[in-house]
There are 4 protein chains.
Amino acid sequence: MPSVRSRAAPPRARRRAGEIIDAAASVFAERGYHGASTQDIADVLGIRQASLYYYFGSKEEALEQVCMLGVEGFVERATAIVHAPGTATDRIRALVAVHLAPLGDRRDYVRVFLRERGHLPDVARRRVGRLSRRLERLIEEVFTAGVASGELRADLDPRLATLAMLGMCNAVPAWLPVETGLSIEAVAQALATVLLDGARGRADARRTLRRPR
Amino acid sequence: MPSVRSRAAPPRARRRAGEIIDAAASVFAERGYHGASTQDIADVLGIRQASLYYYFGSKEEALEQVCMLGVEGFVERATAIVHAPGTATDRIRALVAVHLAPLGDRRDYVRVFLRERGHLPDVARRRVGRLSRRLERLIEEVFTAGVASGELRADLDPRLATLAMLGMCNAVPAWLPVETGLSIEAVAQALATVLLDGARGRADARRTLRRPR
Amino acid sequence: MPSVRSRAAPPRARRRAGEIIDAAASVFAERGYHGASTQDIADVLGIRQASLYYYFGSKEEALEQVCMLGVEGFVERATAIVHAPGTATDRIRALVAVHLAPLGDRRDYVRVFLRERGHLPDVARRRVGRLSRRLERLIEEVFTAGVASGELRADLDPRLATLAMLGMCNAVPAWLPVETGLSIEAVAQALATVLLDGARGRADARRTLRRPR
Amino acid sequence: MPSVRSRAAPPRARRRAGEIIDAAASVFAERGYHGASTQDIADVLGIRQASLYYYFGSKEEALEQVCMLGVEGFVERATAIVHAPGTATDRIRALVAVHLAPLGDRRDYVRVFLRERGHLPDVARRRVGRLSRRLERLIEEVFTAGVASGELRADLDPRLATLAMLGMCNAVPAWLPVETGLSIEAVAQALATVLLDGARGRADARRTLRRPR
DNA sequence: CATGAATGAGCATTCATTCAT
DNA sequence: GATGAATGAATGCTCATTCAT
């Protein structure tokens with residue numbers, strides 16, 4: 001099951017097509033979908049605006065491709081984690097890590113997915129929306145299971161915890177390029193800890209943590 | 001050859017002007033700044049598009065007004081909280097509450113501030129950016145103080161905690177209208193608890209909480 | 001025969017109306033008819049744009065009034081000169097003087113008449129055009145008479161001489177405010193001499209002029 | 001966040017581009033810069049208004065191009081004449097001739113330069129203004145030299161003579177299309193004679209001229 | 001692969017004008 | 001006398017898109 005819509009192969013050159021979508025992603029990320037013109041994309045590539053239409057059929061289609069590449073893999077990876085053995089705590093840490101991982105090499109794609117998917121035409125928006133909701137449900141399941149097993153607070157609202165986690169994680173691409181000095185992995189670690197144990201930390205955890213530091 | 005046309009500044013009726021930017025806020029929130037046309041705003045108001053220009057000088061100016069009303073008061077309220085007596089925990093709870101409060105009557109303004117301020121012209125963007133940064137610094141101070149006093153985890157990165165908190169809170173307007181059944185105050189309570197004690201909760205807190213539920 | 005179109009007197013206040021047309025003349029002179037907005041005129045007066053319409057019915061009407069005040073009197077004065085006794089030389093000197101005289105207190109009106117009358121609506125343009133042509137014909141008559149009497153060069157084309165004179169004179173308002181150090185009367189003297197005797201001067205005149213200088 | 005959008009500058013087809021500013025020149029000459037709409041220009045060409053923007057970036061830029069083509073060559077030709085050997089009289093005759101020559105094939109460009117250059121944006125206006133002033137200075141030099149050599153009247157003000165000459169010449173495009181029966185060269189001859197010897201003519205010249213006529 | 005040329009639709013903005021107050 | 005509010009019509013300009021080459 002190919003993640004990117006397979007078409008009649010040629011005459012669309014695969015290699016160059018990737019550069020074109022890269023450019024689109026970067027421009028959409030920078031200026032927003034409606035704030036970016038196809039001319040802006042062409043400028044990045046050093047080609048004429050009309051030439052873009054050799055690679056995509058419309059600006060909306062370009063947005064759709066970028067968005068799909070922005071979510072692609074998220075659900076698969078989350079599914080694997082949720083179905084793997086381990087405590088809720090382990091799974092949540094892994095989900096956070098995997099959620100932030102693509103910021104390394106796909107930041108623009110992810111940012112565009114997060115902020116611009118709302119401008120997709122109806123059909124595509126719903127397609128993309130289904131993926132998002134599936135992902136949210138997977139995360140929510142982990143919280144629900146954690147509460148049920150007594151591993152997480154009994155009064156935790158799993159829906160709200162999910163949204164808190166997504167809020168924390170999805171904000172990262174907005175400040176990551178600016179706030180320096182931290183690797184993506186370190187950020188994931190720290191955020192997962194806040195999510196699990198809070199700013200005050202668990203009483204037992206604090207005892208362990210205080211000394212070595 | 002007058003250098004700058006200083007005209008007598010039409011005294012923009014206060015009452016109606018409020019309705020006009022209300023409409024602008026709602027349209028910008030719905031479709032994004034660049035995705036919204038001034039015609040869309042006029043349609044909401046049931047007036048002609050040209051009539052808008054009696055109330056604002058340009059679409060950009062309208063965005064600026066909406067953004068300013070979106071941050072207005074945030075810094076003041078945060079400052080009051082930070083300087084009030086109490087534990088870091090109290091202050092953080094109060095900050096979260098106060099951060100979410102305007103979502104009741106000003107959701108559109110806040111959403112526009114959060115998502116569209118990047119499209120403001122340079123001067124205005126910097127002005128608005130200064131406010132944001134001041135707010136972030138206030139929040140960070142609270143975390144720093146909490147760590148120093150031993151109330152918060154010694155290994156907590158105050159900068160990161162701030163960004164986590166802002167991520168959690170700023171995501172709320174995106175789902176609040178959809179996810180029903182919770183008052184803003186309840187959301188604030190729950191998010192503050194996650195932020196302070198995590199999904200697992202503090203060992204002592206859990207004992208108290210488990211029973212009544 | 002009233003020079004300005006007489007109307008039912010009130011409610012048009014005479015005094016203030018003069019100031020309004022003054023402002024219009026100055027703005028039209030500065031920026032051209034189509035380059036000037038009614039707002040510009042209102043700015044000069046420190047009133048609201050809508051208030052102008054108390055004084056004139058349309059922008060075009062304002063232009064017409066300005067243009068009429070710009071030619072007003074020209075024909076009458078030229079007629080008087082042409083019919084007065086004296087040599088062609090005297091008459092031409094007097095025509096030049098009288099042609100430039102209004103530049104003192106009515107420069108804007110004259111400039112607008114000269115450069116903007118073409119933008120008048122058909123009826124008004126023709127009315128104004130008739131005045132211009134009458135003036136030209138008066139001047140041409142003087143040249144024709146001068147040639148006939150032998151006072152002017154036999155091979156002089158009166159039509160062309162007229163156009164040369166008008167060209168010289170009508171260019172003056174364009175540079176008068178800039179080129180300093182000369183009164184309007186002095187300019188008129190000098191231009192008339194060039195027109196009559198040329199840059200080289202008449203053989204006899206030169207003899208007279210050279211010494212005293 | 002690219003500060004200035006440097007785009008690959010469409011290589012504007014030379015041939016067609018010429019026709020486009022031809023049309024612009026004719027429309028600007030006819031109705032004035034502010035009185036002409038880009039639609040008017042498109043109508044002349046039989047293309048859509050938006051298509052114009054393939055050839056120029058803005059209406060102002062079109063005006064600038066027209067103005068530049070309107071002065072282009074003037075200074076060069078005047079310089080050549082001023083530096084050529086010959087009497088002041090010869091030079092002035094040549095300057096007048098060369099000044100009027102472009103009215104044959106470039107009347108619209110010259111008219112636009114003469115009447116509309118004031119509406120150019122600051123930078124362009126100054127650029128164009130420098131050319132004008134250089135031209136005026138060249139002409140003035142000839143008059144100054146002529147006075148110094150005794151060839152012209154001792155009491156001639158070279159500045160004023162320059163302005164008289166320019167006034168006479170620059171008025172020509174306004175009536176040339178209307179007043180028939182004279183070639184541009186004949187007009188140049190006649191005007192130069194008026195400028196040099198006046199309407200009365202020099203005493204010696206008159207003797208020669210009277211008889212044959 | 002890519003481009004030059006052109007277009008149709010839409011957009012923000014300006015402007016002269018109106019009219020009840 | 002003058003104004004606040006609004007409007008209809010245009011204006012300059014942008015933009016996604018098309019298509020023959």
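All chains are named by letter (A, B, ...) in the order of the sequence lines, taking the proteins before the strands, and each is independently numbered beginning at 1. Heavy-atom basis, side chains included; hydrogens, waters and symmetry copies ignored.
B:A62 comes within contact range of no nucleotide atom at all, as no heavy-atom separation falls under 4.0 Å. Counting non-hydrogen atoms under 4.0 angstrom, D:A42 reaches nothing in the nucleic acid.
Distances from the side chain of C:S51 to the nucleotides F:dA2, E:dA2, E:dT3 place F:dA2 closest. For C:T38, whose side chain is taken as the heavy atoms from C-beta onward, the closest listed nucleotide among E:dT17, F:dC15, E:dA12 is E:dT17. Side chain of A:K59, nearest nucleotide from E:dA16, E:dA9, F:dT17: F:dT17. Here the nucleotide nearest the side chain of A:S37, chosen from F:dC15, F:dT14, E:dA16, is F:dC15.
One N or O on the side chain of B:H119 and one on the backbone of A:R31 form a donor-acceptor pair closer than 3.5 Å. Checking side-chain atoms of A:Y109 against main-chain N and O of A:D22 turns up a donor-acceptor pair under 3.5 Å. Looking only at distances, a side-chain donor or acceptor of B:R106 sits under 3.5 Å from a matching main-chain atom of B:L69. A distance-only check finds a donor-acceptor pair linking the side chain of A:K59 to the backbone of A:Y33 [under 3.5 Å].
E:dA5 atom C1' lies 16 Å from atom OH of A:Y53, rounded to whole Å. Rounded to an integer number of Å, the gap from CZ of C:F28 to C1' of E:dC15 is 13 Å. Between C:E64 atom CD and E:dA16 atom C1' there is a gap of 17 Å when expressed in whole angstrom units. Regarding D:I41, its CD1 atom lies at a distance of 8 Å from the P atom of F:dG12, rounded to whole Å. Nucleotide E:dA5 holds its P atom 14 Å from the CG atom of D:L52, rounded to whole Å. In this structure, B:R48 atom CZ and E:dT14 atom C1' are separated by 18 Å, rounded to whole Å. Put simply, CD1 on B:I47 is 6 Å from P on F:dT7, counting in whole angstrom units. If you take OH of D:Y54 and P of E:dT3, they are 11 Å apart, rounded to a whole angstrom.
Each of D:Q39 and A:A50 was matched to the nucleotide of DNA chain F holding its nearest heavy atom; the match closer to the 5' end belongs to D:Q39. Closest-nucleotide positions on DNA chain E for B:D40 and C:A36 were compared, and the one nearer the 5' end corresponds to B:D40. Across the interface with DNA chain E, nearest-nucleotide mapping of B:E60 and D:Q49 shows D:Q49 to be the residue nearer the 5′ end. Between B:I20 and D:Y33, the residue anchored closer to the 5' end of DNA chain F is B:I20, taking for each the nucleotide with the nearest heavy atom.
Checking E:dT21 for Watson-Crick or G-U wobble geometry (two distances, each under 3.5 Å) identifies F:dA2 as its partner. With a cut-off of 3.5 Å on both Watson-Crick or G-U wobble distances, the partner of F:dA10 is given as E:dT13.
For A:R117 and A:E64, the salt-bridge test fails: no basic side-chain N is under 4.0 Å from an acidic carboxylate O.
For E:dA2, one of the phosphate oxygens OP1 or OP2 lies less than 4.0 angstrom from a side-chain nitrogen or oxygen of A:Y55. For the pair B:R16 and F:dG4, the criterion of a side-chain N or O lying under 4.0 Å from OP1 or OP2 is not met.
With contacts defined as side-chain heavy-atom distances shorter than 4.5 Å, the pair B:F113/B:V66 does not qualify.
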